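What follows is a set of notes on a single structure, which appears directly below.
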Amino acid sequence: MMELIRDGFVIAGKDLRKEWKTKETISVMLIFSALVVLVFSFAFDPANQTVKTVIPGLVWLITIFSALLGLNRSFASELENGCLNGLRAAPIDPASIYIGKVIANFVLVLFVQMVSIPVLFILFDYRFAGSLLWFLATVFLGTYGLIIIGTFLAALAVNAQNSEMLLPVLLLPLLSPLMIGAVQASAAFAGGENMESAMSWIQLMAGYDLLFTAVCLLLFEYILEDS
Amino acid sequence: MKLKSQIIDWTLFYILVAAVPVMMYFIFIWSPVERVLGPAQKIFYFHVGCAWVAFLAFFVVGVYSVFNLIKPKMNHFIYAGVSAEIGVLFTTVTLLTGMVWGRISWNVWWSWEPRLVTTLILWFIYVAYLFIRKMDGRWEKIARLSGVFGIIGCLNVPIVFMATRWWNSKLHPVVFGEGKNETGGGLEPEMLFTLIFSVVTITILYLFLMRKGAEIEKMRTRVKQAKNKLLQKWAN
Amino acid sequence: MNFLFFACTVTWLLIAAYVVVLGKRQKQLQAEIKQLEEWNSEQ
């Protein structure tokens, strides 16, 4: 078990070092999330008071859209020069490749959120009224679930010719229960209302995360198997 | 072997030919008219039957997906795919009749009712599953990938239902309580019989479509084999 | 009452459409098999 996680960290380190050198994915993700915020300001008038209630939900739209960009790259970039075959042939458990990719994607998306969420709140002049700690916990749980399923499905979709188009179609329906919970809980924690009902949403999200972590770890070797 | 499966096919077909008119008679004429909603309540029989088959089809996809991961077999692969296709059909019917139902009883076409939302997401998962099966590659690979997705999709359905239920109960605490059929609880025996009859008939329809679809998919593999043989012959 | 007929028609139309699609597929595949077997058997 320890070995699994250690190998995972090695792979994550490789991915993150490569990203640090080129900065090709992270820069696009950041610019894209800023653009999404800009488009929101056209769609929802920032001066309108009723818009304030949907801002915590917009956090998740930004996260999903920018994460999709990163997830698409995470396995597609391994196709060059047959790197994916190299990973398959390496004397490690397939699950550790998955763990590594999850860690790398998670770090990337968290970094994008660290920039885009404050930008969103500032641009829309959102006054935070609830519990910051619980809000961050919600963001963490929701993003973790998104990355767990997203990395898994990215590995699945990379087998197709049109993997960039396939991934959102596969990911979004599976993500819907998590996103319902995340939007509800983050709205409650940011607005400081209905905190008790938000706790049950947190529980649902934690359950979802645990279930799919286990299932994805178990099933990942079937996806990676060469044929 | 071939004769036996043909006999089953024809038996199913004749049962359907007999049962569908009887079902229509039961639904339209024999079953009593509901007091509150009037004759429109009879949509309920189609709706429940199709919804049941839609969920059954999804369950079948999940079961064959597990089989496929344990031991890949052409038959498992075919049955899972055909079941998903029929599932999309019946889920669409369920959604449409559900919308009509919502229009009658709540005066809106789409009411974000938990079961309706769950069915909609189920529909999307089915379609995504069919997209995976459209990938090109060897069938063993597609069987594995689609099997993995089928299992995850199946696990997801109860969670979606729970989430939508909580979500909705907060927004509309009283309007949509338990039992979307206002007949819930006090179902009259004639209604119950009609309901069971239509569910059974639609399930037989599912079985029939399933066998037909599997037959067609098997023909497709035969075409592939014949093509390969021909190519070899020409190469020589 | 109109709604009932509407729902009923939609249901059966969709199922009938699916059956027609299946029949078309079958016919096409049958023709293909026949053609291929012909080519296979001739020398």
Side-chain angles (χ1 to χ4, degrees), chain A residues 145 148-150 152-153 155-163 165-185 187-188 193-194 196-212 214-216 218-227, chain B residues 58 62 65-72 88 91 112 114 117-171 173:
Chain A
I148 276 280
I149 290 277
F152 188 77
L153 292 178
L156 203 164
V158 83
N159 291 293
Q161 302 284 317
N162 54 347
S163 63
M165 279 150 70
L166 192 59
L167 179 62
V169 176
L170 301 185
L171 181 58
L172 293 178
L174 290 182
L175 219 52
S176 49
L178 185 77
M179 282 304 126
I180 293 172
V183 168
Q184 297 295 321
E193 295 156 356
N194 293 323
E196 300 80 28
S197 75
M199 290 315 279
S200 57
W201 284 118
I202 289 262
Q203 280 163 13
L204 179 88
M205 285 162 72
Y208 181 97
D209 287 357
L210 278 178
L211 174 71
F212 279 104
V215 172
C216 292
L218 277 177
L219 292 180
F220 192 71
E221 59 175 310
Y222 290 107
I223 287 188
L224 214 60
E225 219 172 275
D226 195 29
S227 58
Chain B
F58 204 57
S65 297
V66 175
F67 284 171
N68 243 329
L69 287 192
I70 296 169
K71 195 167 188 285
V88 170
T91 318
W112 296 108
V117 181
T118 312
T119 314
L120 180 67
I121 291 171
L122 185 69
W123 190 84
F124 278 121
I125 295 177
Y126 264 135
V127 173
Y129 180 86
L130 288 180
F131 274 138
I132 292 182
R133 291 182 66 100
K134 281 264 168 67
M135 265 184 208
D136 39 41
R138 279 161 17 98
W139 73 265
E140 285 98 338
K141 180 176 146 194
I142 299 173
R144 219 173 36 237
L145 295 180
S146 63
V148 167
F149 190 79
I151 290 172
I152 293 192
C154 239
L155 283 177
N156 212 40
V157 172
I159 306 178
V160 171
F161 182 66
M162 244 158 64
T164 44
R165 202 180 184 111
W166 285 2
W167 177 35
N168 227 305
S169 63
K170 217 184 72 187
L171 291 176

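Quick note: numbers below take in every heavy atom, side chains included, and nothing from hydrogens, waters or symmetry partners. Please read these numbers as outputs of a predicted model, since none were measured by experiment. Throughout, protein chains are lettered first and strands after them, A, B, ... in sequence-line order, and every chain is numbered starting at 1.
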_Minimal non-hydrogen separation, A:Leu204 against A:Pro177, with atom names_ = CD2-O, 4.1 Å

*Name the region of A:Phe220, side chain, backbone, both or neither, that has any atom closer than 4.5 Å to a heavy atom of chain B.*
neither

*Taking the side chain as every heavy atom from C-beta outward, state whether B:Phe161 and B:Leu122 have any atom pair closer than 4.5 Å.*
no

_Less than 4.5 Å to any heavy atom of chain A: does that hold for the side chain of B:Ile151, its backbone, both, or neither?_
side chain

*Is it the side chain or the backbone of A:Leu156 that comes within 4.5 Å of chain B heavy atoms, both, or neither?*
both

*Side-chain heavy atoms of B:Ile132 within contact of B:Met135, under 4.5 Å*: yes

*A:Leu211, A:Leu170, A:Leu178: which one forms the most heavy-atom pairs within less than 4.5 Å of chain B?*
A:Leu170

*Under 4.5 Å from a heavy atom of chain B, the part of A:Leu174 involved*: both

*What is the ring orientation for B:Phe58 with B:Tyr126, classed by angle as parallel under 30°, tilted 30 to 60°, or perpendicular over 60°?*
perpendicular

*Using non-hydrogen atoms only, which part of A:Leu172 is less than 4.5 Å away from chain B: side chain, backbone, both, or neither?*
neither

*Selection from A:Asn162, A:Asn159, A:Val169, A:Val215 maximising heavy-atom pairs under 4.5 Å formed with chain B*: A:Asn159

*asked:* Please rank B:Leu120, B:Leu155, B:Asp136, B:Leu145 by heavy-atom pairs under 4.5 Å with chain A and give me the top one.
replied: B:Leu145

*Is there a side-chain contact between B:Ile121 and B:Ile125, using heavy atoms and a 4.5 Å cut-off?*
yes

*So do A:Trp201 and A:Val183 actually touch side chain to side chain, heavy atoms under 4.5 Å?*
no

